[in-house]
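Each remark here refers to the structure printed beneath this line.
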Amino acid sequence: MEKKQSGSPPSLIDSTVVPGDVVLDLSSMTNQTIMLGGGLRQDCDAISVMKAGTLRFSKPNKYWVESSQKRYTPCVEDTVLGIVVDSKADNFLIDIKGPVLAFLPVLAFEGGTRRNIPKFEVGTLLYLRVVKANFGMNPELSCTDASGKAAEFGPLKDGYMFETSTGLSRKLLSSPTCPVLEALGKKLSFEIAVGLNGRVWVNAATPDTIVVVANAIMNSESLSGAQQIIMVEHLLKNIQ
Amino acid sequence: MEGRLANAWRLTANDKSFIRTALLSEIRIDGRKPYEYRKIVVKFGREDGSSEVQLGQTRVMGIVTAQLVQPYRDRPKEGILSIFTEVSPMADPSFEPGHPGELAVELGRIIDRGLRESKAVDTESLCVLAGKFVWAIRIDLHILDNGGNLVDAANIAALAALLTFRRPECSLGGEDGQEVIVHPPEIREPLPLIVHHLPIAITFGFFSNDSILVIDPTHNEEAVMGGRMTTTVNANGDICAIQKAGGEGVPQRVIMQCLQLATAKAAGITKQIKEAVEVYNTERALRKIKRHPTSTGVNVKERQDQSVGRNTSTSKSNDVGTWKLKVEINIPEVGERDRPDALLNCIKLHYYDSLNTLPSTIEAITMVGWMRWDRVLTVEITKLLDDYVSSTRSVVNMPNHMFYMCRDPITGHVARSRYG
């Protein structure tokens with residue numbers, strides 16, 4: 001039965017899947033390389049689902065399952081917001097809301113050498129990239145992009161960080177821009193960093209702007225696009 | 001060690017400084033003013049004496065149970081009230097399973113002190129047989145989610161659960177009158193507890209050096225603030241308890257200010273709890289009504305019974321040959337049931353006699369007085385009434401002069417009928 005269903009894999013894309021569903025049959029798609037993201041695993045020729053969510057596909061060959069959780073499961077190439085918990089000789093220990101702490105090697109900075117190791121206090125907020133996320137190992141992070149440039153990565157100063165579900169943070173990063181951010185951006189100027197691990201950092205000139213933006217984002221989780229815009233307008237009316 | 005570290009809840013340096021700077025301009029991270037309380041939602045379970053309180057993100061469940069026990073020797077005539085807190089790691093990863101932490105103990109103690117030592121619950125009325133049997137009331141407080149200010153939320157949950165709790169009625173029986181009979185709720189309506197007043201806990205947070213005072217601190221603010229104080233006051237302004245653990249010192253002036261704020265808040269919260277309990281009590285009473293499946297506001301029933309005619313013809317008071325009776329029951333709308341004449345208007349008996357076919361409408365109350373109801377008919381009508389009358393006794397505020405009847409559950413006879 002399942003084999004027949006999996007004969008038409010495109011039908012499952014963007015639909016809800018549950019653990020145990022076979023989404024792809026590799027025997028029917030030879031000479032292809034595919035990349036598996038979170039929530040999928042390979043059993044011989046069958047690609048089966050490991051968590052409930054929506055199956056996503058991005059060209060040319062990446063498949064993953066998207067869901068909304070409180071806890072983050074690290075995945076390679078995700079950008080995350082981490083909090084420094086401890087610093088060791090070789091690594092910083094970073095909390096990224098995952099099941100275990102992540103390692104940030106002290107050399108994983110642009111032009112990082114033994115001599116210019118940065119000093120981070122416990123509680124520093126960092127914008128990071130997941131480099132390794134292997135089973136049974138602590139995930140490894142980096143403060144550079146794939147080409148070794150600092151890009152936007154590094155510590156975030158001031159502002160306010162709050163936690164959301166992973167689903168909401170993914171929505172905030174989606175394009176076209178999430179309606180709540182679009183509506184807020186028309187009236188207010190603020191800086192935002194969204195980690196896929198369900199952490200959002202907001203900075204603005206005045207504290208009340210930060211509070212409005214943070215609350216608008218937190219409230220938007222269960223609202224539709226139109227509702228989000230109404231909610232933001234309502235909030236902005238209250239502060240003016 | 002690492003596993004525990006990964007679970008420990010932590011706040012970034014950014015958040016710590018932001019909470020402080022925002023408070024300097026009287027802004028809190030959830031958009032409140034410093035003296036603003038979060039929204040309270042009080043819900044009740046289907047069982048009596050279970051409540052769930054939501055205070056912002058904080059959620060606490062309260063459950064009250066009772067047991068007959070032997071009283072303490074020094075207080076043979078007093079019931080026992082005890083409070084237990086359950087703090088699981090589900091609510092907050094920093095709570096450890098198994099042994100209760102410092103917070104859980106303090107939480108239980110504050111609520112215990114507020115409730116017990118202010119004698120909010122009348123324990124003497126819980127005595128069944130002095131020295132032998134008293135009711136031991138146990139309040140279990142389960143912390144479901146820690147969003148800050150657990151004390152206040154748990155206190156409200158305890159009060160809401162106490163107010164809706166009902167203990168079985170019991171009486172003394174047996175040969176020597178020393179035997180306790182506990183009546184099941186189907187036979188005798190369980191009794192609510194006597195709660196004299198509602199001690200409301202209000203927690204304040206103090207932020208060091210800036211001399212900032214906030215009410216109802218959230219989880220994040222609790223991590224930053226230097227000290228806390230919980231005042232337990234009731235709506236009358238009586239101070240039941242004050243808890244000020246270590247941390248920052250607070251001048252007397254600030255404590256007086258806190259007490260004033262707390263009294264004002266307590267009045268509002270008391271009102272809110274009472275309203276919620278009222279709604280629950282009404283719902284609880286309505287739940288007992290057995291409705292006809294088709295009843296939608298107006299319920300018209302027709303009974304034409306020829307045997308009525310036969311029987312009435314034998315009674316001497318009537319020279320009428322045949323009776324036709326039409327019973328019309330209009331079950332009033334929910335909102336109108338509280339009116340004193342609700343029952344009066346809901347039942348109408350149209351009767352026709354064989355000579356005069358014009359229907360005359362007579363209210364049930366007068367009809368019962370002079371009309372000898374045939375046994376069969378009485379049962380029929382009683383049955384119709386029964387669904388309404390016996391089930392709404394607690395809802396309709398029935399003055400004594402009004403007629404009402406209910407069927408004896410065993411014999412099936414009309415047990416009580418004022419004019420019958």
Side-chain angles (χ1 to χ4, degrees), chain A residues 70-72 74 81-86 88 91 93-103 120-127 138-139 155-163 191 193 195 199-216 218-219 234-236 238-239, chain B residues 1-34 36 38-39 41 54 56-59 88-95 144-148 207 210 212 214 216-225:
Chain A
K70 270 189 173 175
R71 186 66 71 91
Y72 168 69
L81 287 177
I83 303 169
V84 177
V85 174
D86 201 359
K88 294 271 153 66
N91 293 300
L93 296 185
I94 312 281
D95 170 40
I96 54 167
K97 265 175 96 174
V100 287
L101 293 178
F103 288 144
F120 292 136
E121 279 175 31
V122 171
T124 309
L125 186 64
L126 298 167
Y127 188 58
N138 290 49
L156 299 170
K157 298 261 164 55
D158 302 326
Y160 174 61
M161 193 275 297
F162 56 92
E163 311 220 328
E191 214 178 333
R199 279 190 178 142
V200 180
W201 170 85
V202 178
N203 196 11
T206 54
D208 49 350
T209 314
I210 298 179
V211 169
V212 167
V213 172
N215 283 301
M218 280 191 267
N219 289 342
H234 185 74
L235 269 180
L236 291 176
N238 281 355
I239 60 159
Chain B
M1 181 61 196
E2 195 184 285
R4 209 156 69 82
L5 256 182
N7 279 331
W9 183 80
R10 49 184 75 86
L11 202 61
T12 60
N14 306 40
D15 287 9
K16 282 184 184 168
S17 68
F18 177 72
I19 289 171
R20 279 172 195 282
T21 48
L23 267 175
L24 283 177
S25 44
E26 302 215 321
I27 297 170
R28 292 169 76 176
I29 40 174
D30 47 5
R32 283 183 292 162
K33 295 269 175 296
E36 206 176 322
R38 280 176 292 178
K39 195 182 160 204
V41 182
Q54 204 169 348
Q57 305 247 319
T58 305
R59 285 172 65 178
S88 78
M90 190 181 77
D92 191 324
S94 65
F95 299 151
L144 303 181
D145 203 351
N146 180 14
F207 288 82
D210 311 319
I212 296 170
V214 297
D216 183 22
T218 62
H219 199 193
N220 285 6
E221 285 164 345
E222 277 181 347
V224 182
M225 69 194 189

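Below, chains carry the letters A, B, ... as their sequence lines are ordered, and counting in each starts from 1.
- Using a 4.5 Å cut-off between heavy atoms, A/Lys97 does not touch chain B at all.
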Worksheet item: Does the pair A/Asn203 and B/Phe18 meet the rule for a side chain to side chain contact (heavy atoms under 4.5 Å, CB included), with working shown?
Response: CA-CA 10 Å; A/Asn203 196 11; B/Phe18 177 72; over 6 Å; no

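- Residue B/Glu222 qualifies as enclosed at atom CD: its count of foreign heavy atoms under 6.0 Å is above 12.
- Contact count versus chain B (heavy atoms, under 4.5 Å) is highest, among A/Tyr160, A/Phe162, A/Trp201, for A/Tyr160.
- When the shell of 6.0 Å around CD of B/Glu36 is examined, it contains more than 12 heavy atoms from other residues, nucleotides or ligands.
- Smallest separation of non-hydrogen atoms from A/Asp208 and B/Ile27: CB-CD1, 3.4 Å.
- Atom CG of residue B/Leu11 and atom CD1 of residue A/Ile83 lie 7.5 Å apart, to the nearest 0.5 angstrom.
- Taking chain A as the reference chain and counting heavy-atom pairs below 4.5 Å, the highest number among B/Asp15, B/Thr21, B/Ile19 is found for B/Asp15.
- For B/Thr12, the parts sitting under 4.5 Å from any heavy atom of chain A are the backbone and the side chain alike.
- Judged purely by atom type and a 3.5 angstrom limit, A/Asn215 uses its side chain to pair as donor or acceptor with the backbone of B/Ile29.
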